[in-house]
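A quick write-up on the structure given underneath.
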Amino acid sequence: MKRRDFIKAAVGAAAVWPATVRAQTFPSRSITLIVPFAAGGPTDVLARILAEHMRGTLGQTVLIENVTGASGAIAGLRAARAAPDGYTLTIGHWGTHVLNGAVTSLQYDVLNDFEPVALVGNGPQLIIGKPKLPAKDLRELIGWLKDNPNKATAGTAGPGSGAHVAGVFFQNLTGTGFAFVPYRGAGPALNDLMAGQIDIMFDQATNSLPQVRGGTVKAYAVTSRTRLASAPDIPTVDEAGLPGLYIAYWHAVWAPKQTPADVIGTLNAAVRVALADPVVQRRFLELGQETPPPEKQTPAALKEHQAAEIEKWWPIVKAANIRAE
Ligand code: MLT
């Protein structure tokens, strides 16, 4: 090889060397997956299923860290400011990575301060009530709320969260009024609903389905066009008398902005291996989660989906004058 060609080859090799070595050695220690809500809630449950599977693929523990508060914005800031090395990730959803950007002034950008890793799942909400609520179906629930204006309470995962936003849409559609009670996540809110401390919730099916099956909460409707395969007895909002209140509550994983592409590739592959596992798919189905098709599991597809959701929901949420402050 001529000297000039040798130098050229050596420079080229040096340029790719760090990424190659990193790709071969990443991850060399445990990874932290930040969950923006309380343990035991829907995001936490999905995170733990995923983390357990990713551990097997990556050969490193994926630790769950619940960082609660401000409807997920405390966790969002922490994840956005973490070292962009792939060792700190966050799981989030329609609330944290779309709504939060519209309902409050954040110190980070929900779209541009993260590298997308992968879309994880998509599930609707259930409109649920405490066991002793007299209403037997959604029409009766609306009637009861109208007969008791501003007396009922609805638990949420914080001001401006998906549960709050869905509740405001419900109030606007039905002409009802009730108070919102914020919690550090849907898990503790559901505990209070079962105990009769609050009356209703617009809750992710993933959170409340086990209790609906156990008969400890009442389910009035699912916020989707079709019934859930895993809970076919629950009517859709269209069937139950509130047409069009569709809420699709998708979850995804992100890394801090500027996490190297090869690291994102490794993490994305580990999520995809989990989503392709029939055991994970069955568990997700039981929890009312739809697994995205493979072409929607790429980082680029997540970025596109999130941007489209922001474009769709920010004007709606702003027009409804929903603020977290
Ligand atoms: C949670 O895990 O508590 C939820 O994802 C909160 C929510 O419904 O936004």
Side-chain angles (χ1 to χ4, degrees), residues 33-51 64-79 89-104 106 110 119-128 153-170 180-194 197-198 200-212 217 219 222-224 245-254 283-284 287-290 306 309-310 313 317 322-324:
L33 179 59
I34 297 176
V35 171
F37 298 99
T43 305
D44 184 71
V45 166
L46 296 178
R48 285 174 199 274
I49 296 171
L50 210 56
I64 301 293
E65 192 183 343
N66 298 87
V67 179
T68 65
S71 309
I74 308 268
L77 181 62
R78 169 92 167 269
L89 311 174
T90 186
I91 185 167
H93 55 38
W94 175 62
T96 57
H97 282 71
V98 176
L99 300 180
N100 276 356
V103 298
T104 190
L106 296 171
V110 292
L119 195 60
V120 169
N122 192 7
Q125 286 178 324
L126 297 181
I127 302 175
I128 57 170
T153 47
T156 74
S161 65
H164 178 204
V165 167
V168 173
F169 291 161
F170 177 95
F180 292 101
V181 183
Y183 289 82
R184 285 184 175 266
L190 185 62
N191 288 341
D192 266 11
L193 184 103
M194 288 190 287
Q197 304 291 331
I198 52 172
I200 56 171
M201 273 178 78
F202 301 83
D203 190 26
Q204 291 176 59
T206 298
N207 197 36
S208 35
L209 267 180
Q211 274 64 38
V212 171
V217 302
V222 58
T223 62
S224 54
L245 186 66
Y246 306 135
I247 305 285
Y249 223 111
W250 51 271
H251 274 82
V253 173
W254 288 265
R283 187 84 186 93
F284 271 31
L287 293 167
Q289 286 287 318
E290 218 172 69
Q306 189 190 359
E309 286 279 280
I310 287 171
W313 286 103
V317 169
I322 304 171
R323 293 291 298 166

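Predicted model, so just to flag it, every value in this text is computed and none were measured. Counting convention: from 1, in listed order, for ligands and their atoms alike.
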Expected rows: ligand 1 N/O, protein N/O, dist below 3.5 Å:
from	atom 1	to	atom 2	distance (Å)
ligand 1	2 (O)	Thr43	N	3.1
ligand 1	2 (O)	Thr43	OG1	3.1
ligand 1	3 (O)	Ala186	N	2.7
ligand 1	5 (O)	Thr43	OG1	2.5
ligand 1	5 (O)	His93	NE2	3.0
ligand 1	5 (O)	Gln204	NE2	2.8
ligand 1	8 (O)	Gln204	NE2	2.8
ligand 1	8 (O)	Tyr249	OH	3.0
ligand 1	9 (O)	His93	NE2	3.2
ligand 1	9 (O)	Tyr249	OH	2.5

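Relative orientation of the Trp94 and Trp313 rings is perpendicular, given thresholds of 30° and 60° on the angle between their planes. The aromatic rings of His93 and Tyr249 lie perpendicular to each other, with more than 60° between the two planes, well past the 30° mark.
Between Gln306 atom CD and Trp254 atom CH2 the span is 5.0 Å, to the nearest 0.5 Å. Summarising the geometry, atom CG belonging to Leu77 is positioned 12.0 Å from atom CG belonging to Asn100; distances are rounded to the nearest 0.5 Å.
Using a 4.5 Å cut-off on side-chain heavy atoms (C-beta onward), Arg78 and Thr90 make no contact. Contact of the Thr223 side chain with the Tyr246 side chain is not registered, since no non-hydrogen atoms from C-beta on lie closer than 4.5 Å.
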